[in-house]
Amino acid sequence: MSGYLLQMEHIAKSYQDGTDKNVVLNDISLNVKGGEFIAIVGPSGSGKSTFLTIAGMLLSPDSGSVLIAGKNVSAAKKREWAKIRQNYIGFIFQNNQLLPYLKAKEQLTAFQTKDNRGRINIDEMLSELDVEKCKNQYPAKMSGGEKQRIAIAKAFVNDPDIILADEPTASLDGARGHQVVEMIRMEVKKHDKAAVMVTHDERVLHLADQVYHLENGKLTQ
């Protein structure tokens, strides 16, 4: 066992653009341990979201491997991907993706699966994130920061090994964005998750354990 919860080994991805081949990711590797919070920055179109969707079992690489807790999940058949995501990966998106017709606690109970390996206590999670008062509120009654904290709780609720955050501060002002990333970091450390965040927000980079730059298909520290 390597000790890494997430391993991206020699990942390559390209797209055909007419007669040209657009190389987005060129032999990229990244290893993340439990309790480690990694940030990836880079210009728009540099492949950050592509990298994250491959890590999250939403897209196949052209070559390379994705390992979760030492298991090569990229070798799994596509019909198995949904179960892998459900049991091993938690996503945090910039637009929170809450359902408007469910109250905060209902958002989490509806998302919890019956066959996962361990459940996070929902009331404790809402309390940790300081949104316990929102548990019986619909998203329309919440602030932007509160909605994003509920989205964080949703990512952790099935006790996944990996947390993937795609521009989690994009729809928030500076203070709320900083607070939200602090919350992500706190939960990653407390629950010993491996986390990767892609962001344009340089104001929150000091909260990451390591920062990587993705440009021209290459990932550098």
Side-chain angles (χ1 to χ4, degrees), residues 1-34 36-97 151 155 160-171 181 184 188 193-202 204-205 207-221:
M1 181 70 179
S2 67
Y4 294 109
L5 287 182
L6 175 64
Q7 293 168 271
M8 309 281 286
E9 297 185 343
H10 305 291
I11 299 296
K13 188 68 178 178
S14 61
Y15 298 98
Q16 203 67 30
D17 184 11
T19 57
D20 297 326
K21 186 178 182 182
N22 181 19
V23 177
V24 181
L25 305 174
N26 184 10
D27 193 27
I28 286 178
S29 297
L30 177 69
N31 297 321
V32 191
K33 295 179 179 178
E36 193 171 17
F37 184 30
I38 301 298
I40 298 178
V41 298
S44 295
S46 62
K48 301 187 301 298
S49 291
T50 299
F51 183 78
L52 211 65
T53 53
I54 290 173
M57 298 296 292
L58 292 165
L59 181 69
S60 297
D62 294 338
S63 60
S65 301
V66 179
L67 289 84
I68 295 177
K71 181 181 178 181
N72 186 353
V73 294
S74 56
K77 294 180 171 62
K78 285 200 174 183
R79 65 174 179 267
E80 299 170 347
W81 285 18
K83 196 168 188 70
I84 292 169
R85 290 194 299 269
Q86 187 180 74
N87 288 331
Y88 295 97
I89 303 168
F91 294 94
I92 303 169
F93 300 100
Q94 57 182 288
N95 58 354
N96 69 68
Q97 296 198 346
D161 288 313
I162 314 298
I163 298 295
L164 302 176
D166 189 2
E167 301 282 2
T169 67
S171 60
V181 176
I184 296 171
V188 166
K193 308 303 178 188
V196 179
M197 172 182 69
V198 300
T199 184
H200 283 102
D201 192 349
E202 295 186 357
V204 299
L205 293 181
L207 295 169
D209 296 312
Q210 296 185 68
V211 179
Y212 290 83
H213 187 83
L214 180 58
E215 191 169 8
N216 298 322
K218 293 293 186 181
L219 188 70
T220 56
Q221 193 171 355

Asks: To the nearest 0.5 Å, how far apart are OH in Tyr4 and CG in Asp161?
Replies: 16.0 Å
Asks: Could you tell me which residues satisfy salt bridge (Lys or Arg N to Asp or Glu O under 4.0 Å) with Asp166, sequence neighbours excluded, listed by chain and number?
Replies: none
Asks: Measuring only between side-chain heavy atoms, which start at C-beta, is Ser44 closer than 4.5 Å to His200?
Replies: yes
Asks: Determine, step by step, whether Leu52 and Ile40 satisfy the side-chain contact (heavy atoms from CB on, under 4.5 Å) criterion, reporting the C-alpha distance in whole Å, the side-chain angles of both residues, the deciding distance to 0.1 Å, and the verdict.
Replies: CA-CA 10 Å; Leu52 211 65; Ile40 298 178; 5.9 Å; no
Asks: What residues, two or more places apart in sequence or in another chain, satisfy salt bridge (Lys or Arg N to Asp or Glu O under 4.0 Å) together with Lys193?
Replies: Asp159
Asks: Tell me the salt bridge (charged side-chain N to carboxylate O under 4.0 Å, His left out) pairs involving residues 45-58, sequence neighbours left out?
Replies: none
Asks: Measure the OG1-CD1 distance between Thr169 and Ile92 for me, rounded to the nearest 0.5 Å.
Replies: 11.5 Å
Asks: Does anything in residues 208-221 pair up under salt bridge (charged side-chain N to carboxylate O under 4.0 Å, His left out), and if so which pairs, sequence neighbours excluded?
Replies: Arg185-Asp209, Lys189-Asp209
Asks: Look up atom OH in Tyr88 and atom CG in Leu6, then write down how far apart they are to the nearest 0.5 Å.
Replies: 14.0 Å
Asks: Taking only residues two or more places apart in sequence or in another chain, which ones pass side-chain contact (heavy atoms from CB on, under 4.5 Å) with Gln221?
Replies: Gln210, Tyr212
Asks: Do Phe91 and Gln97 come close enough that some side-chain heavy atom pair is under 4.5 Å?
Replies: no
Asks: So how far is it from Leu219 CG to Phe51 CZ, rounded to the nearest 0.5 Å?
Replies: 6.0 Å
Asks: Minimum heavy-atom separation for Gly34 and Leu5, please, with both atom names.
Replies: CA-CD1, 3.6 Å
Asks: When rounded to the nearest 0.5 angstrom, what distance separates CG in Leu30 from CE in Met8?
Replies: 7.0 Å
Asks: For Thr199, check side chain to side chain donor-acceptor pair (under 3.5 Å) against everything at least two apart and list the hits.
Replies: none
Asks: Decide yes or no on side-chain contact (heavy atoms from CB on, under 4.5 Å) for Leu214 and Ile28, but give the supporting numbers first.
Replies: CA-CA 9 Å; Leu214 180 58; Ile28 286 178; 3.4 Å; yes
Asks: May I have the list of side-chain donor-acceptor pairs in residues 56-78 shorter than 3.5 Å, sequence neighbours left out?
Replies:
unit_1	atom_1	unit_2	atom_2	d
Asp62	OD2	Ser14	N	2.8
Asp62	OD2	Ser14	OG	3.2
Asn72	OD1	Ser74	N	3.2
Asn72	OD1	Ser74	OG	2.6
Ser74	OG	Val66	N	3.1

Asks: Quick one: side-chain hydrogen bond (donor to acceptor under 3.5 Å, both in side chains) pairs with a partner in residues 19-32, sequence neighbours left out?
Replies: His10-Asp27
Asks: Can you list the residues that meet the side chain to side chain donor-acceptor pair (under 3.5 Å) rule with Gln16, with sequence neighbours excluded?
Replies: none
Asks: To the nearest 0.5 Å, what is the distance between CD1 on Ile162 and CZ on Arg85?
Replies: 14.5 Å
Asks: Please enumerate all residues that pass side-chain contact (heavy atoms from CB on, under 4.5 Å) together with Ala39, with sequence neighbours excluded.
Replies: Met197, Leu205, Ala208, Val211
